[in-house]
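Worksheet for the structure shown next.
Values in this document were obtained by computation on a predicted structure and should not be read as measured data.
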Amino acid sequence: MIDPSLACFLEEGLGIHLGVSDAGLEPQGARAIAATVDADGAHLTVYLATVAAARLRPALQSNGRVAVSFGRPIDDRACQVKGELVGISDADAGARPAIEAQWQGYLTNLAQIGIPRAVFAGWTMWPATAIRLRVTALFEQTPGPDAGARLP
Amino acid sequence: MTPTLESLATCFQGLLPAQFFTCSADGVPNAAYLSHVDYVDASHVALSFQFFNKSRRNIAENPRAMVMVPDPDTGQGWCLRLRYVRSETSGPLFDRMALRIEAIASYCGLKGIFKLRAADVYEVLGIEAAPEETGLAPVDSQGRARASREANPIFTITALQDLASRLHGADSLEALVDSILEGLDTSFGFKHSMMLVPTEEEGVLVTIATRGYAEDGAGAEVRHGEGIGGLVAEARKPIRVSGLMRGMLYALAMHKAARATSPAAPVRRIALPGLPNPESQLGVPLLVRGELVGVLCLESEVPYRFHEEDKASIELLGSYLAIAIQNVQWQEREAEASQTTTESPAPPSPVPGSTPGPPTRGIVYYEGDDAILVDDEYLIRGLPARILWRLLRVRETTGREEFTNRELRLDKSLQLPEWKDNLESRLLLLRRRLDEKRPDIRIVPRGRGRFALQVTAPLTLTTRE
């Protein structure tokens, strides 16, 4: 279960990556652009540029198990959410402002560590695909000896 | 067209975090940030292994992995399909990766806290562009489009000729080190630099020249293993760090996490001249036949200032500079062999009660610490302190103000090393330190192997335990 405090962190505009693996145990991954946590804390929706989601879709549909890493560049606080696929759909236009706000928050974070926004001007954000997961486990990932420890 | 690994060199500088995807034997994926991906050869990369974690356990079960690395110049993301090959715990690759981690940790004052357990080597099975991370033309640190390195090379023949001509014109150690740093600035654009030399104390370096900093910094000391200069001296290998801020944030995050479980984590900053927020550092050892003559350190606020070819070129240049430094020291020593001590009277001492003159300087030599304080302010220690104390005592007792390097070499009380005493660099350091801190006591060169002690304030000399 994602508690409200962790949900705030996950939705603040972070570096997000989604990892999957196909039936042949070949790992794959892509950059995601935003995430939202359901009020129940048991479900997470991760938004990917549709060009990225297309690459992962076969593995997602064949395996269904997903890992999502979240990292804040300015202090490297990070965690990982493990989950199982509930559904894949086109992101609703109504969700776009919230997605864009998170994305801009992430780019601002990168700018704070000296990476100019112009570097990411070519990164795709829209159209986006929503990948809805049922959360199965949470892990600490901030670099250090506790990285990998299970979060309550 | 599939790019080569060599063409992705900028992606392996740690400027942007890489993402590592693995999968357990039962099909559970894992996604984690990586501190460092290093280029090994045309078909292999190495990943830093610092902690036992899920990624490492997955690799033990299933050697396949994927790493995503963005190009910090263009923004283009690349997906590298990998297969684990081996772990290296020693050798050049391991040393290079460990030194980078040590350099960043040391800069944060956290040296020795983080250890590289292994450099994990992976074969690169495929490289694909990530369509969600489309690249643009290269941009500079302000986000402006910049010319490629190929179109705008730094180490041109003209620049090298310019540097060589500066070095040939230098007739003393002081002129030479200043020419080197000035040439690196004006001919190559490396604005912030410093040169350190070994002291008579084992494992200690001292700064003898700097360029581009607010403080001159002469006399600032660093121990082997501390900061990039100390690490270069210890390893006797060049070290290049890019994306220092990112690396420091990563190190500090680890430190914070480590401190929660281990309270013995000292925080210490090294007092050396330096940029307040360096992003790139490059240090090269100046070696002549295996002997460390000095260390040259360059810094920049640009995250990826020193490219691979810069490291190689500066390393090559370093051998040339080391020989030049050693040669000028030999030349000065040969010249001094023909010198004799010249007696000259001391200038008239100011008469108490006459026209108001400069205030009296209280100079104290602390024998126990081998250090000199002027008006209770630390000036210098070690061999330069002993030299200054001798000069001041001779001047006080005989009135003599002209000295030669040769007489210093013959004075056993100074305890100069029998072999390779580096007297010239100690005199240069002393001179710079006096110029910066006590301009009323000056050491003025009088030709090769000779110098004068010029004092324009009344002095009181005291020895203490």
Side-chain angles (χ1 to χ4, degrees), chain A residues 15-33 48-55 59 63-69 71 73-78 80 82 110-111 113-125 136 139-148, chain B residues 15-17 19 21-25 27-33 35 50-54 58 62 64-66 68 70 72-77 79 81 130-136 139-145 243 245-246 249-258 260-262 277 279 303:
Chain A
I16 307 171
H17 285 84
L18 190 137
V20 296
S21 77
D22 63 17
L25 300 182
E26 188 72 47
Q28 294 179 37
R31 174 181 295 284
I33 49 180
L48 282 80
T50 297
V51 287
R55 196 170 79 233
N63 181 329
R65 283 182 280 193
V66 180
V68 191
S69 70
I74 195 69
D75 62 0
D76 276 310
R77 180 184 170 188
Q80 182 176 208
K82 295 275 177 91
L110 287 178
I113 64 162
I115 312 293
R117 279 172 174 267
V119 169
F120 311 107
W123 286 10
T124 308
M125 195 206 80
T136 54
F139 296 93
E140 176 63 56
Q141 265 196 336
T142 303
D146 291 337
Chain B
L15 267 67
L16 292 170
Q19 192 73 22
F21 302 99
T22 58
C23 172
S24 65
V28 179
N30 197 75
Y33 287 93
S35 71
Q50 289 175 261
F51 300 101
F52 290 103
N53 53 30
K54 183 63 179 167
N58 282 353
N62 171 17
R64 282 167 286 192
M66 190 187 117
M68 274 186 86
D73 283 342
T74 67
Q76 177 65 59
C79 301
R81 270 193 315 112
E132 69 273 28
E133 294 181 354
T134 312
L136 298 172
V139 293
D140 67 14
S141 58
Q142 276 77 49
R144 297 174 300 231
M245 185 193 276
R246 252 217 59 71
L249 290 169
Y250 190 88
L252 288 167
M254 279 199 287
H255 172 57
K256 212 168 146 188
T261 52
S262 160
N277 297 302
E279 275 286 1

Problem set entry | Over all atoms of both residues, closest heavy-atom pair of A:G122 and B:T134 | O-CB, 3.3 Å

Problem set entry | side-chain hydrogen bond (donor to acceptor under 3.5 Å, both in side chains) partners for A:Q80, two or more places apart | B:N30

For this session: Search all heavy atoms of A:A67 against all heavy atoms of B:P29 and return the closest pair with its distance.
Result: CB-O, 3.4 Å

Problem set entry | CD-OG1 distance between B:E132 and A:T50, expressed to the nearest 0.5 angstrom | 11.0 Å

For this session: Under 4.5 Å, counting heavy-atom pairs only, tell me which of A:G64, A:A30, A:A54, A:A49 racks up the most with chain B.
Result: A:A30

For this session: Search all heavy atoms of B:M66 against all heavy atoms of A:G29 and return the closest pair with its distance.
Result: CE-O, 3.3 Å

Exercise. Quick one: salt bridge (Lys or Arg N to Asp or Glu O under 4.0 Å) partners of B:R64, sequence neighbours excluded?
Worked result: none

Seminar exercise, completed: To the nearest 0.5 Å, atom CZ of A:F120 lies from atom CD of B:Q76 at 12.5 Å

For this session: Quick one: closest heavy-atom pair of A:S69 and B:A31, and the distance?
Result: CB-O, 3.5 Å

Exercise. Are B:Q19 and A:R31 close enough that some pair of their side-chain heavy atoms sits under 4.5 Å apart?
Worked result: no

Exercise. For B:G27 and A:N63, which heavy atoms make the closest approach, and how far apart are they?
Worked result: O-ND2, 2.9 Å

For this session: Return the minimal non-hydrogen interatomic distance between B:A130 and A:R55, and the atom names on each side.
Result: CA-NH1, 4.1 Å

Problem set entry | Engaged part of A:V51 at the chain B interface, taking heavy atoms whose separation is under 4.5 Å | both

Exercise. How many angstroms lie between atom OH of B:Y33 and atom OG1 of A:T142, to the nearest 0.5 angstrom?
Worked result: 11.0 Å

For this session: Would you mind telling me which of A:R65, A:Q28, A:Q141 has the largest number of heavy-atom pairs within less than 4.5 Å of chain B?
Result: A:R65

